Amino acid sequence: MLQPPPVHRGERRLPRSFYRSDPIEVAPVLLNKVLVVGGRAGRIVEVEAYRGHDDPASHAFRGRTQRNAVMFGPAGHLYVYFTYGMHWCANVVTSEAGSGDAVLIRAIEPTRGRPEMEAVRPAARRPVDLTNGPAKLCQALGVDRALDGADLVTADRGVTVVDDGVDPPESPAVGPRVGISVAVDRPWRFSVPGHRYRSKPW
DNA sequence: ACCGGGATGTTCT
DNA sequence: GAACATCCCGGTG
């Protein structure tokens, strides 16, 4: 079967330079960009920054392993990891190679391929349940180990992030990170204020 | 609406 | 053997 092209008219892929900054700078400007996986896509509405060197909550904090190897590579690649025995989550690698820095995608609003997402997420009762969490959105988009390390700049394996003309929020909502047991209170979680598809109460 | 527990297996101590 | 960047379902109010 023929896959639709990942990038449509009026959209442009983000250049490598976009990703080569501190994750705390990249995270808020990723808001309102669109994550594309083959024929499915969604607008990014919530993210979290993780720093490799001084952040004990980061998978990269204790050094390079087989799992987190992609985090230590060049910026603009997708880092996909498996957790709780059943869930996949996706990050965008930032900063310079070797930094271990990344931004976790925590919520998106579907923009293309909603029927396919509904088909693979039967547990979603309400529309927002389709993609309002880091593992939910990966299931909806079909993100798993096969996409770990994909280069977003070249749309490697059909995965990319595009700008479709919607600017990031002028003042993103900022709050503590979620689901971790150390360095919880660092205000490195960002979202589009008031957006319906955000993952938890703000 | 809110809360508690179970699922399920890879990764690292 | 414990922890885990989570989700879902069934209980109660």
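Per chain, numbering begins at 1; letters A, B, ... match sequence-line order. None of these values were measured; they are calculated from a predicted model.
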Would you mind writing out the side-chain donor-acceptor pairs for residues 138-145 of chain A within the sub-3.5 Å range, not counting sequence neighbours?
residue, atom, partner, partner atom, Å
A/Gln139, OE1, A/Arg121, NH1, 2.6
A/Gln139, NE2, A/Val120, O, 3.2
A/Asp144, OD1, A/Ala146, N, 3.0

Check: A/His8 main-chain N/O paired with A/Glu11 side-chain donor or acceptor under 3.5 Å: yes
Whether the side chain of A/Arg16 engages the backbone of A/Ala75 through a donor-acceptor N/O pair (distance < 3.5 Å, no angle test) should be reported. yes
When A/Glu46 is tested against each of A/Arg189, A/Arg198, A/Lys136 for salt bridge (charged side-chain N to carboxylate O under 4.0 Å, His left out), which residue passes? A/Arg189
Polar side chain donor-acceptor pair, A/Thr131 to A/Arg40, under 3.5 angstrom: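 Absent: no donor and acceptor within the cut-off.
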Ignoring hydrogens and geometry beyond distance, is a side-chain donor-acceptor pair present between A/Thr160 and A/Arg13 at under 3.5 Å? no
Tell me, please, which residues at least two apart from A/Arg43 pass salt bridge (Lys or Arg N to Asp or Glu O under 4.0 Å). A/Asp164
Considering only heavy atoms, which members of residues 40-77 of chain A lie under 4.0 Å from some atom of DNA chain B? A/Arg62, A/Thr65, A/Arg67
What pairs of residues pass the ring pair (Phe, Tyr, Trp, His ring centres under 6.0 Å) test when at least one of them lies in [range], not counting sequence neighbours?
range	result
residues 13-47 of chain A	none
residues 135-188 of chain A	none
residues 87-119 of chain A	A/Phe82-A/Trp88

Side-chain polar contacts of residues 96-103 of chain A - donor-acceptor pairs under 3.5 angstrom, sequence neighbours left out - could you list them?
residue, atom, partner, partner atom, Å
A/Ser99, OG, A/Glu96, O, 2.9
A/Ser99, OG, A/Asp101, N, 3.2
A/Asp101, OD1, A/Gly52, N, 2.8
A/Asp101, OD2, A/Ser95, OG, 2.7

Atom pairs under 3.5 Å: protein N/O with N/O of nucleotides 1-8 of chain B:
residue, atom, partner, partner atom, Å
B/dT8, O2, A/Tyr84, O, 2.3

What do you reckon, is CZ of A/Arg196 surrounded by more than 12 foreign heavy atoms closer than 6.0 Å?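 Atom CZ in A/Arg196 is not crowded, with 12 or fewer foreign heavy atoms closer than 6.0 Å.
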Could you tell me whether A/Lys200 and A/Glu48 make a salt bridge, using a distance below 4.0 angstrom between a side-chain N and a carboxylate O? no
Salt bridge check: are A/Arg157 and A/Asp148 linked by an N-O gap of less than 4.0 Å? no
In residues 104-113 of chain A, which residues come under 4.0 Å of DNA chain C by heavy atom?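 Going residue by residue through residues 104-113 of chain A, the ones with a heavy atom under 4.0 Å of DNA chain C turn out to be A/Leu104, A/Arg106.
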Per-nucleotide protein contact string for nucleotides 8-13 of chain C, where B marks a base within reach and S marks sugar-phosphate only (heavy atoms under 4.0 Å, - for neither): S-----
When the distance from CG of A/Leu130 to P of C/dC7 is rounded to whole Å, what number comes out?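 In whole Å, C/dC7 P and A/Leu130 CG are 13 Å from each other.
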Applying side-chain hydrogen bond (donor to acceptor under 3.5 Å, both in side chains) to A/Arg126 and not counting sequence neighbours gives A/Asp129
P atom, C/dA5 versus B/dC3: distance in rounded Å? 23 Å
Pair pattern of DNA chain C in dot-bracket, where unpaired bases get dots and | marks partners in another strand, Watson-Crick or G-U under 3.5 angstrom: ||||.|||||||.
